[in-house]
Amino acid sequence: MADATMNEPVLGRFSEGVELIDYVRMSGVSIVDFRFTDLLGTSQHFSIPAKLLDNAMFEKGTGFDGSSIRGFQSIDESDMLIVPDPSAAYVDPVLEVPTLAIICDVRDPITGGDYSRDPRYVARKAEKYLQSTGIADVSYWGPEAEFFIFDSARFDYKTNEGYFYIDSEEGIWNSGRPNDFDGPNLAHRPRHKEGYFPLPPVDSQQDLRSHIIIAMMDAGLNIDKHHHEVATAGQAEIGLHFGPLVSECDAIQIYKYIVKAVSRKFGKVATFMPKPLFGDNGTGMHTHQSLWKDGQTLFYDENGYAQSSETMRYYIGGLLRHAASILAFAAPTTNSYRRLVPGFEAPVNLAYSRRNRSAAVRIPMYESDTPAAKRIEFRCPDPTANSYLAFSAMLMAGLDGIQNRIDPGEALDRDIYEMHGEDAVAVPSVPGSLPEALHALQTDNEYLTRGGVFTPDLIDTWIAYKMDNEADPMRLRPHPYEYFLYFDA
């Protein structure tokens, strides 16, 4: 990796396979790693010696077993292809062996066409549909993916036992720990809900986050700032600069990989699970978004509420109307709904406001009178989401709002958590569980299928997988806290 040709980030540099092959030949890369995303949002991969990379792979693809990938093929139709995208290649900043990673698209080997359950294909279709409407020619996305970094995580579930145990040197629960084989108790720790954001030594992960963002920048990501988040034990956020839909989803996959891989190199474990700790703040992925046409934002009007345009307000109307079904993709786990409860800055109320973080949709006011910065922030998603699907669903909902002039109603510039009586009842809420969100998706999905962006097959597969593999298994198992409540009944 010392070769000068590898000092500059590769991501976004090449548009043709032949150019990338030349780079690989000159750069000293030893391994080429093909990466793609399964239906649920997890990155999968396999590797080849760099000398085997040839142009046929960029034209025809290379095979893999689709029946072994969650949500993909049945065993009797297992053969699938992945086709590397040269514009989505980057030098892996974590692995010791010089490795070029390439994000790939999935195709059917019989038809040669794109695979309907490939999440990246859904996002590419969403971008094309946006352009076909004539409303805008590009959408920009800026996700704030939070995460936790722990020192240890243990969990298991069997017929006769079930538990999890998480520990963090930063955890305030360790404040009374005596000196022991783990070393001295150095005392400086954030108190509950006070992790945002004191200096070291209270923030003990400053250097680790800096190593993470350096690796991200080496991979070609555009990073702005990093900091400790509100929760006591190792909660963090790294700001990822905005970009067009597909490239930003690619960036999220790289981002999550680097957070986990660098944390592990430092002997720690990172998780994007929304609510790993009881009684402290959860992890979200507030998603900033805007529409542009001919190089101009469509969301700014100096005379509108919070300098918002009519187009922006209709976009918000679409998000709020379809929020329940959106969350089947954007808050897609049973654990997501441990976070989406009142009292923890969680955006459970389907309203919009400027500056108000208790609303599901916020219009940031950091850069007022700056048209290019005008955007909305949808605060309900969390980082267990498959961003290709979640962002596409949000875009389709916003476009439906514009196409059908969906009025979002009056803005709510009050602390919704402090509202009582009829005022509180009048504000609708997000679903209270994953099954509720999946039911909403089952009954409200027409807006997603326009332009063939989401196919009925993908929607049905998503609902069935989530119910059979997540919602029902959680429903069937006794919870450890039930023993606390009921064992002496």
Side-chain angles (χ1 to χ4, degrees), residues 122 125-141 245 286-293 297-301 303-331 340 347-354 356 358-364 374-381 389-414 416 423 425-431 436-437 439-454 459:
V122 174
K125 286 190 290 183
E127 286 192 316
K128 289 181 180 177
Y129 177 73
L130 168 65
Q131 294 165 1
S132 75
T133 65
I135 292 171
D137 48 40
V138 65
S139 62
Y140 286 113
W141 300 79
L245 194 152
H286 307 155
T287 305
H288 297 253
Q289 46 203 283
S290 62
L291 298 181
W292 289 61
K293 187 173 185 179
T297 179
L298 301 179
F299 277 9
Y300 180 82
D301 180 348
N303 298 315
Y305 168 80
Q307 298 177 325
S308 66
S309 68
E310 183 179 65
T311 298
M312 177 199 272
R313 291 192 294 277
Y314 288 145
Y315 189 99
I316 291 171
L319 283 178
L320 296 178
R321 174 169 294 183
H322 298 296
S325 57
I326 292 170
L327 291 188
F329 294 112
L340 290 175
V348 297
N349 297 286
L350 295 176
Y352 75 101
S353 175
R354 61 183 179 187
N356 186 351
S358 64
V361 177
R362 185 174 74 94
I363 303 173
K374 188 52 60 179
R375 62 197 185 274
I376 66 103
E377 176 193 29
F378 191 45
R379 295 173 58 79
C380 302
L389 301 180
F391 291 7
S392 297
M394 286 182 253
L395 177 61
M396 297 300 286
L399 292 176
D400 182 58
I402 295 168
Q403 290 164 329
N404 291 292
R405 303 175 69 85
I406 298 174
D407 185 355
E410 295 296 320
L412 196 56
D413 291 325
R414 298 167 56 188
I416 302 172
D423 287 344
V425 172
V427 181
S429 297
V430 300
E436 288 181 41
H439 177 72
L441 177 60
Q442 197 165 38
T443 58
D444 177 30
N445 61 52
E446 186 276 333
Y447 71 99
L448 295 171
T449 62
R450 292 175 194 163
V453 174
F454 286 78
I459 293 170

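For clarity, every value in this text was computed on a predicted model and none was experimentally measured.
Qualifying side chain to side chain donor-acceptor pair (under 3.5 Å) partners for N445, counting only residues two or more places apart in sequence or in other chains: none. Partners of E377 according to the salt bridge (Lys or Arg N to Asp or Glu O under 4.0 Å) rule, which considers only residues two or more places apart in sequence or in another chain, are R362, R379. Applying the side chain to side chain donor-acceptor pair (under 3.5 Å) test to Q307 and every residue at least two apart in sequence or in another chain returns D369. Legend: residues meeting side chain to side chain donor-acceptor pair (under 3.5 Å) with Y300, ordered by chain and number and at least two apart, are absent. For the side-chain contact (heavy atoms from CB on, under 4.5 Å) test, residues two or more places apart in sequence or in another chain that qualify with A136 are L130, L291, L298. When the side-chain contact (heavy atoms from CB on, under 4.5 Å) test is applied to Q131, no partner is found at least two apart in sequence or on another chain. Taking the side-chain contact (heavy atoms from CB on, under 4.5 Å) definition, one finds that K128 meets it with nothing, sequence neighbours left out. Scored by the ring-ring contact (aromatic ring centres under 6.0 Å, His included) test, Y140 finds F242, W292 as partners (sequence neighbours excluded). For F329, the ring-ring contact (aromatic ring centres under 6.0 Å, His included) partners at least two apart in sequence or on another chain are F454, W462. Under the side-chain contact (heavy atoms from CB on, under 4.5 Å) criterion, L350 pairs with L320, A323, A360, P428, V430, sequence neighbours left out. Every residue two or more places apart in sequence or in another chain that forms a side chain to side chain donor-acceptor pair (under 3.5 Å) with S308 is listed here: R313. Every salt bridge (Lys or Arg N to Asp or Glu O under 4.0 Å) that E446 has, sequence neighbours left out, goes to R450.
When all heavy atoms of Y305 and D413 are compared, the closest pair comes out as OH-OD1, 2.6 Å. Nearest approach of C380 to L340, heavy atoms of both residues: O-CD2, 4.0 Å. Contact between A330 and A390 at its shortest, heavy atoms only, is CA-CB, 3.9 Å. Summarising the geometry of A359 relative to P347, their closest heavy-atom pair is O-CB, 3.8 Å, with the distance given to 0.1 Å. Of all heavy-atom pairs between T311 and F299, the closest is CG2-CE1, 4.2 Å. Across every non-hydrogen atom of L448 and V453, the tightest pair is O-CB, 3.7 Å.
Proximity of a side-chain donor or acceptor of E127 to a complementary backbone N or O of L245 within less than 3.5 Å is detected. Remark: side-chain polar atoms of Y352 are not paired, donor with acceptor, to backbone N or O of G317 under 3.5 angstrom.
Here the straight-line distance linking atom OG of S309 with atom CG of N303 works out to 12.0 Å at 0.5 Å rounding. Taking OG1 of T449 as the start and OH of Y129 as the end, the distance is 9.0 Å to the nearest 0.5 Å. Distance check, rounded to the nearest 0.5 Å: CD1 of I406 to CG of D400 gives 4.5 Å. Atom CD1 of I135 is separated from atom OH of Y315 by 10.5 Å, given to the nearest 0.5 angstrom. To the nearest 0.5 Å, atom CG of residue L319 and atom CD1 of residue I376 are 5.0 Å apart. Distance CZ/R321 to CD1/I326: 12.0 Å, rounded to 0.5 Å.
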Take H322 and D444, measure what side-chain contact (heavy atoms from CB on, under 4.5 Å) needs, and give me the verdict at the end. CA-CA 7 Å; H322 298 296; D444 177 30; 2.8 Å; yes

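Residue S290 forms a side chain to side chain contact (heavy atoms under 4.5 Å, CB included) with just one option from M312, K374, R375, and that option is R375.
In this pair, F391 and W141 present their aromatic rings parallel. The plane angle is below 30°, not in the 30 to 60° band.
Counting heavy-atom neighbours within 6.0 Å of H439 NE2, excluding the residue itself, gives a total of 12 or less.
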